[in-house]
2 protein chains.
Amino acid sequence: MSRSRYPSPCPVSMLMEVLSGPWTMYLLWVLSTNGPTRFGALKRRIEGISTKVLTERLRMLEQEEILYRHYEPTVPPQVTYGLTERGQELVVILDQLNDLALRWYTPLPDEHSPSERCVGLASAPTVSPAPTVSPAPTVFK
Amino acid sequence: MSRSRYPSPCPVSMLMEVLSGPWTMYLLWVLSTNGPTRFGALKRRIEGISTKVLTERLRMLEQEEILYRHYEPTVPPQVTYGLTERGQELVVILDQLNDLALRWYTPLPDEHSPSERCVGLASAPTVSPAPTVSPAPTVFK
DNA sequence: CCTATTAGTTACTTTAAAGTGTCTACTTTA
DNA sequence: TAAAGTAGACACTTTAAAGTAACTAATAGG
């Protein structure tokens with residue numbers, strides 16, 4: 001449970017391991033653009049994620065001190081997640097990756113397009129049919 | 001084959017998808033520190049990787065124009081791989097991630113430790129026994 | 001009194017990715 | 001004559017990760 005089957009003495013590898021996997025980056029993204037958010041709200045925003053995986057990701061990122069978990073013992077309970085200082089640091093670099101990605105993967109539609117931050121985020125993986133012009137799935141593997 | 005089961009209209013997600021997975025970052029690392037390298041040499045440096053996965057990664061990164069493949073039709077053939085301009089751009093950012101990772105995951109042994117670049121790279125995943133004090137596995141998941 | 005809500009947990013199934021091993025062509029060298 | 005080296009391709013097996021679905025506690029509200 002510590003960190004997958006490949007022990008990583010190489011720091012950057014450890015970090016990449018944390019960030020790899022479906023939903024993780026998107027989750028950080030959502031938190032960085034929306035601020036602290038409750039579990040249910042996260043699940044609703046990250047359309048298509050299962051509670052299981054969402055929980056897994058949150059727990060893992062919490063353990064890495066990239067985000068925090070605030071539990072309010074009301075009934076029903078309210079649990080809020082937000083970026084820690086580490087999370088903020090990370091997002092700064094991810095922003096740069098985003099700039100790169102925009103340059104590489106955006107067909108530059110016309111001209112002066114403002115370097116936006118991950119536009120077009122929408123839904124999620126669909127194992128199902130949906131071959132129609134449905135809302136474009138988002139999030140990487 | 002295009003890009004896994006999760007189509008990604010979000011640029012940063014597409015990029016992360018490319019960089020995720022075992023060996024990929026380490027491979028880029030090796031290429032950035034050693035310069036253009038031949039297939040066999042790569043396989044020898046990235047101890048533990050299978051030819052299958054190495055080939056897969058190389059092909060994928062070539063398709064992404066992050067590295068190039070130079071085929072010399074001698075006998076036996078010589079194939080050299082190296083970073084493209086994109087690859088170089090990427091490495092710059094990965095360096096920053098590395099700095100972060102060093103700060104986060106290095107127990108700062110004594111004092112003024114020079115922010116080195118991914119030290120301790122050694123071998124690889126071992127499904128096998130090797131519970132002895134063998135060379136520490138490297139590379140992330 | 002029955003239902004909805006929140007934030008999960010647990011067990012089971014499915015699947016994509018990685019591992020493993022064998023095979024190739026062509027020439028040089030022992 | 002046999003072996004070795006290069007850069008893979010291909011088929012088959014294994015496994016970890018993700019998906020799916022059912023279930024929980026405690027209270028408020030109709």
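By convention in this document, chain letters (A, B, ...) are assigned in the order of the sequence lines, proteins followed by strands, and residues within each chain are numbered from 1.
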Does some side-chain heavy atom of [Y] sit less than 4.5 Å from a side-chain heavy atom of [X]?
| X | Y | value |
| --- | --- | --- |
| B:Ile66 | A:Trp104 | yes |
| B:Val79 | B:Arg38 | no |
| B:Thr51 | B:Lys43 | yes |
| A:Pro11 | B:Thr106 | yes |
| B:Leu19 | A:Leu19 | no |

Measure from [atom1] on [X] to [atom2] on [N] and round the result to the nearest Å.
| X | N | atom1 | atom2 | value |
| --- | --- | --- | --- | --- |
| A:Ile49 | D:dA21 | CD1 | P | 17 Å |
| A:Arg57 | D:dA17 | CZ | P | 9 Å |
| A:Lys43 | C:dT5 | NZ | P | 14 Å |
| B:Glu17 | D:dA17 | CD | P | 18 Å |
| B:Leu27 | C:dA18 | CG | C1' | 16 Å |
| A:Leu54 | C:dT6 | CG | P | 14 Å |
| A:Glu56 | C:dT10 | CD | P | 12 Å |

If a stem is a run of at least 3 consecutive Watson-Crick or G-U pairs, both distances under 3.5 Å, which stems include DNA chain C?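 Detected stem regions: C:1-30 with D:1-30.
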
Could you give all pairs that pass the salt bridge (charged side-chain N to carboxylate O under 4.0 Å, His left out) test and reach residues 51-60 of chain B, with sequence neighbours left out?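 Output for this query is empty, none listed.
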
B/S/- along nucleotides 6-11 of chain D (protein heavy atoms under 4.0 Å) is BSSS-B

Please determine, by modelled atom types, if A:Glu85 and A:Tyr68 share a side-chain donor-acceptor pair under 3.5 angstrom.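 Side-chain D/A pair, A:Glu85 to A:Tyr68: absent.
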
Protein N or O to nucleotides 28-30 of chain C N or O, pairs below 3.5 Å:
none

Among D:dT20, D:dA18, C:dG19, which nucleotide sits nearest the side chain of B:Val53?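 Among the listed nucleotides, the one closest to the side chain of B:Val53 is C:dG19.
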
Residues in side-chain hydrogen bond (donor to acceptor under 3.5 Å, both in side chains) contact with A:Gln96, at least two apart in sequence or another chain: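 B:Gln96.
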
Starting at CG of B:Leu15, measure out to CG of A:Asn98 and round the result to the nearest 0.5 Å.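 The CG atom of A:Asn98 is 9.0 Å from CG of B:Leu15, to the nearest 0.5 Å.
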
Donor-acceptor under 3.5 Å (A:Thr37 side chain, A:Leu42 main chain):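 Not confirmed, A:Thr37 side chain does not pair with A:Leu42 backbone.
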
Residues in salt bridge (charged side-chain N to carboxylate O under 4.0 Å, His left out) with B:Glu89, at least two apart?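 Once residues adjacent in sequence are excluded, the partners of B:Glu89 under the salt bridge (charged side-chain N to carboxylate O under 4.0 Å, His left out) criterion are A:Arg103.
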
